[in-house]
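Structure first, commentary second.
The sequence lines fix the lettering, A, B, ..., with proteins before strands; numbering per chain opens at 1.
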Amino acid sequence: MLDVGPGTAVRVRGMQPPGHIRTPHYLRGKAGVIERCLGLSGNPEQLAYGLPGASLPLYRVRFTMADIWGARAERPDDTLDAEIYGHWLEETV
Amino acid sequence: MATGWKKPSDMPHDHHDHLSSSGHPYRADNDAPLTYWQTMEIALRELLVEKGVTSQAEIASQIDAMDARSPADGARVVARAWSDPAFRDRLLHDASAASREMGFDIGALRLIAVENTGDVHNIIVCTLCSCYPRNLLGLSPDWYKTREYRSRVVIEPRRVLAEFGLTLPDTTTIRVHDSTADMRYIVIPVRPSGTEHLNEAQLATLVTRDSMIGTAQARAPR
């Protein structure tokens, strides 16, 4: 499980699991930077089915529009922040 | 000889057919069958009431409490932030605590305030569903929940903002915030110029709902 601080470079895992997922498709596989840590939060992928949700670190990750959309970006250095759970992130170098 | 009497076809309320006895056409009402989820909601609500978990009165009072919330609450928070630098800092640090400090009953809302400046413009969306800080701002506008707004604003925020009548210079960085999990967001718009003499209550009248979503700037003073 990822346990990192603000400024850490990360990548959203490109997984395609079924079920109730709070990681938007358009961010899967994309690289960003931790904007801030939001503490621990119950895993919605379990809570959605009435299961006890494991406590996971929740992060706000900042992506540039170029990171997400490549050459299609309207303005490459505009940004998008999203909340992503730790098990969806891997640290990049 | 004129009698003043008009035959029915000349009456202003004549709509040819489908008239109720009042002379007005029937309006569409809850005429369609319930959807699956409407049926599910009613069944669940009735069970909860039947088992004593809640009551119809409690549900009605919760609906009243939600309807009583409005963008005016958020506007007061923004106006305080414009007027009181220490409050602004607390709001940026923990927007839930700062809102409660002003006496707003926001429940379990986990709120993040993001501040517009001369160089940065923030805009809020929930691409997965329609998350909105309704415990502070009341119910969201219909467009906020549309697939069009939700899908386009993350790809072409500048075009979307232009359609809202807000064209930002290329020197302004746009930060889109997608509420994908537990947090909700409120934008602190830029305080309009020429407002130095206004008090907090007057400032609050300049803060519109859309300016706290990020699809507009705060209103200029008259």
- D67(A) versus T64(A), side-chain donor and acceptor atoms under 3.5 Å: yes

- Task: Pick whichever of V114(B), D170(B), T180(B) has the most heavy-atom pairs under 4.5 Å with chain A.
- Result: T180(B)

- Item | Part of N122(B) within contact of chain A (heavy atom distance under 4.5 Å) | neither

- Message: Check this for me: does any side-chain nitrogen of one of R80(B) and E101(B) sit under 4.0 Å from a carboxylate oxygen of the other?
- Response: no

- Side chains of T79(A) and R175(B): do they bring a donor and an acceptor to under 3.5 Å? yes

- Report yes or no: does R110(B) contribute a side-chain atom to a donor-acceptor pair with the main-chain N or O of L38(A) at less than 3.5 Å? yes

- Message: Please classify the contact between L80(A) and chain B as side chain, backbone, both or neither, with a heavy-atom cut-off of under 4.5 Å.
- Response: both

- Measure R22(A) against the heavy atoms of chain B and call it side chain, backbone, both or neither at under 4.5 Å. both

- Message: When you compare the side chains of Y149(B) and D142(B), does any donor N or O come within less than 3.5 Å of an acceptor on the partner?
- Response: no

- Query: So, are R75(A) and D77(A) salt-bridged, with charged N and O less than 4.0 Å apart?
  - Reply: yes

- Message: Is Y26(A) in contact with chain B via its backbone, its side chain, both, or neither, using a 4.5 Å heavy-atom distance?
- Response: side chain

- Which region of L128(B), side chain (C-beta onward) or backbone (N, CA, C, O), has a non-hydrogen atom less than 4.5 Å from a non-hydrogen atom of chain A, or is it both or neither? side chain

- With a 4.5 angstrom heavy-atom cut-off, could you sort out which part of T173(B) is near chain A: side chain, backbone, both or neither? both

- Message: For I112(B), which atoms come within 4.5 Å of any heavy atom of chain A: side chain, backbone, both, or neither?
- Response: side chain

- Which region of R159(B), side chain (C-beta onward) or backbone (N, CA, C, O), has a non-hydrogen atom less than 4.5 Å from a non-hydrogen atom of chain A, or is it both or neither? both

- Message: Counting heavy-atom pairs under 4.5 Å with chain A, which one of H121(B), M183(B), E156(B) comes out on top?
- Response: M183(B)

- Task: Working to the nearest 0.5 Å, report the span between CG of L136(B) and CZ of R76(B).
- Result: 10.0 Å

- Is any side-chain heavy atom of L137(B) closer than 4.5 Å to a side-chain heavy atom of S70(B)? no

- Message: So for P44(A), is it side chain, backbone, both, or neither that comes closer than 4.5 Å to the heavy atoms of chain B?
- Response: neither

